[in-house]
Number of protein chains: 2
Amino acid sequence: GLWYALDVPPGTPLNAVLAEGQEEVDRLAVSAARPLAGATPVAPLRPGKIVAIGLNYLDHIREAGMDKPERPLMFAKFPSSVIGPGEPIVIDADLTERVDWEVELAAVIGTPLRHASPSQALAGVAGYTVANDVSARDLQFADGQWTRGKSLDTFCPLGPAIVTPDELGDPQALRLWTAVNGETVQDSSTAEMLFGVAELLAYCSRAFTLEPGDLVLTGTPWGCGEFMDPRRSLRPGDTVEVGVEGIGTLSNPVAGGPR
Amino acid sequence: GLWYALDVPPGTPLNAVLAEGQEEVDRLAVSAARPLAGATPVAPLRPGKIVAIGLNYLDHIREAGMDKPERPLMFAKFPSSVIGPGEPIVIDADLTERVDWEVELAAVIGTPLRHASPSQALAGVAGYTVANDVSARDLQFADGQWTRGKSLDTFCPLGPAIVTPDELGDPQALRLWTAVNGETVQDSSTAEMLFGVAELLAYCSRAFTLEPGDLVLTGTPWGCGEFMDPRRSLRPGDTVEVGVEGIGTLSNPVAGGPR
């Protein structure tokens with residue numbers, strides 16, 4: 001089923017919800033459906049760890065002028081960066097002036113995965129959601145290590161729903177897009193992934209355990225502002241929408257000032 | 001007081017324990033003291049996020065032949081890598097053959113820190129523990145991003161205790177060392193830190209919220225195996241001990257094979 005809202009307090013750990021089993025998740029989703037209709041649709045659930053993958057779309061690799069990675073390029077976003085639909089992405093002008101969007105298909109882990117085959121890995125996915133892997137390009141490139149520039153507070157919008165695999169169908173045949181102030185800037189398909197969801201999860205699980213409530217972000221396609229000529233960045237007052245076919249659209253305003 | 005053991009199940013989230021307040025922490029510590037005497041001293045508590053800092057000791061920077069960073073170099077270790085005292089560090093020979101030790105002073109966050117001054121940051125520390133920032137050098141350098149090579153399962157031993165700031169005294173005047181099979185390989189002082197604990201936490205809190213139960217690893221001094229001539233690595237059968245003055249010694253055997 002489609003979890004378009006869960007009747008839990010904001011910040012509830014995702015693994016606590018998943019541990020209750022699918023029936024309870026469905027019950028929470030149903031009970032939340034009516035009261036939240038027309039309101040903020042999903043309380044942001046707190047993932048365990050967020051594993052992110054860089055340079056995983058063939059069209060984005062061409063755009064960035066990079067070589068095709070021989071293996072998935074892994075990095076981390078801290079869970080403290082998570083916000084939900086409608087919450088502002090806050091740009092601290094003292095830290096960064098090059099903030100970029102990245103639409104991504106995100107897999108929510110449902111069962112522990114360790115040394116999983118690609119098909120075992122897919123079977124361990126509880127559902128999929130949309131992530132905006134917001135990135136402070138100046139920090140990312142100056143630091144070398146991407147952790148800080150990817151983990152500023154508010155830099156991981158998630159939502160608007162978690163859709164179960166049976167509802168979503170083939171995760172490698174989904175349109176995904178970004179619009180800034182209504183203008184489409186990213187528009188591609190998960191078919192452009194260099195390493196598909198199954199292969200990415202299996203790869204991660206060879207290094208470490210993927211645990212229930214963990215999130216794996218699967219990379220972004222062409223159309224980031226950083227690689228446009230002239231370069232584009234998000235500014236306070238903008239609205240950024242990211243969407244994945246079959247899941248929905250996640251919309252966040254952009255605000256200025258420290259949070 | 002000194003939390004040398006807490007009467008909680010293994011894997012208990014650290015923030016859940018801290019949320020109960022200092023009195024409850026002391027009660028748990030006292031109640032656990034007797035039954036665990038002589039046994040495994042601390043159930044590994046599960047931190048929220050693990051923020052780690054690279055190249056933060058002047059003697060290690062010289063050893064690595066690197067330039068002194070202008071700001072703290074931040075990276076992440078996934079919390080799934082945490083083990084406790086006595087548990088084996090497992091080397092998967094299919095993944096890595098260059099596994100290194102790194103003794104570190106680790107700060108356990110007790111109160112939320114955001115835009116904290118250095119003195120506010122220090123006041124938000126619940127306690128200190130010892131971390132071994134075990135590192136797969138081949139993965140770390142081949143990937144470029146350090147996340148995977150630093151986050152293999154079992155690659156973050158923590159313990160043997162969490163010592164509160166009042167017990168520990170000045171965190172910048174502590175001897176810290178590593179011994180492999182009884183031979184001292186690292187032996188330095190936290191006085192060698194380029195950026196001290198207070199400055200590191202304040203720096204992190206300018207980018208994101210440090211939350212109760214988060215852990216900040218503050219870097220390692222000279223004496224890593226990677227920079228020795230000839231290079232040295234951990235092997236199955238080794239025992240690695242890391243210690244910090246005033247906290248204690250954390251000992252872990254090294255084992256082979258996938259875990």
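It should be emphasised that the depicted structure is a prediction, and the values quoted were computed from it without experimental measurement.
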Engineer: Using non-hydrogen atoms and a 4.5 Å limit, figure out which bit of A:Ile50 sits close to chain B: side chain, backbone, both or neither.
Structural biologist: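 Contact with chain B: backbone only.
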Engineer: So do A:Trp146 and B:Met74 actually touch side chain to side chain, heavy atoms under 4.5 Å?
Structural biologist: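 SC-SC contact between B:Met74 and A:Trp146 ruled out.
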Engineer: With a 4.5 Å heavy-atom cut-off, do B:Tyr203 and A:Arg148 have their side chains touching?
Structural biologist: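 Touching, per the 4.5 Å side-chain cut-off.
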Engineer: Checking A:Thr209 against chain B: side chain, backbone, both or neither under 4.5 Å from a heavy atom?
Structural biologist: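 The answer is both parts of A:Thr209.
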Engineer: Tell me, side chain or backbone of B:Leu139 under 4.5 Å from chain A's heavy atoms, or both, or neither?
Structural biologist: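 Interface part for B:Leu139: neither.
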Engineer: Is A:Gln145 reaching over with its side chain to a backbone N or O of B:Gly144, donor-acceptor style, under 3.5 angstrom?
Structural biologist: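 Flag set: sc A:Gln145 to bb B:Gly144 pair under 3.5 Å.
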Engineer: Looking at every non-hydrogen atom in both residues, tell me the closest pair between A:Phe208 and B:Ser80 and how far apart they are.
Structural biologist: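 Residues A:Phe208 and B:Ser80, closest heavy atoms: CB-OG, 4.4 Å.
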Engineer: Under 4.5 Å from any heavy atom of chain B, what part of A:Leu152 do you find: side chain, backbone, both or neither?
Structural biologist: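 Both parts, heavy atoms under 4.5 Å.
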Engineer: Hey, are the side chains of A:Asp94 and B:Arg206 touching, using non-hydrogen atoms and a 4.5 Å cut-off?
Structural biologist: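 SC-SC contact between A:Asp94 and B:Arg206 ruled out.
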Engineer: Identify which part of B:Leu95 has an atom lying under 4.5 Å from any heavy atom of chain A, answering side chain, backbone, both or neither.
Structural biologist: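 When you check distances to chain A, only side chain atoms of B:Leu95 fall under 4.5 Å.
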Engineer: Taking every heavy-atom pair that is under 4.5 Å apart, which of B:Ser81, B:Pro69, B:Ala76 has the most such pairs with chain A?
Structural biologist: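 Result: the option with the highest number of such pairs is B:Ala76.
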Engineer: Using a strict threshold of under 4.0 Å (side-chain N to carboxylate O), is an ion pair present between A:Asp143 and B:Arg71?
Structural biologist: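 A:Asp143 and B:Arg71: salt-bridged.
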Engineer: Hey, are the side chains of B:His115 and A:Asp92 touching, using non-hydrogen atoms and a 4.5 Å cut-off?
Structural biologist: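 Yes, at least one pair of side-chain atoms sits under 4.5 Å.
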Engineer: Between B:Ala142 and chain A, with a heavy-atom cut-off of 4.5 Å, which part of the residue counts as in contact: side chain, backbone, both or neither?
Structural biologist: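 For B:Ala142, backbone and side chain are both near chain A.
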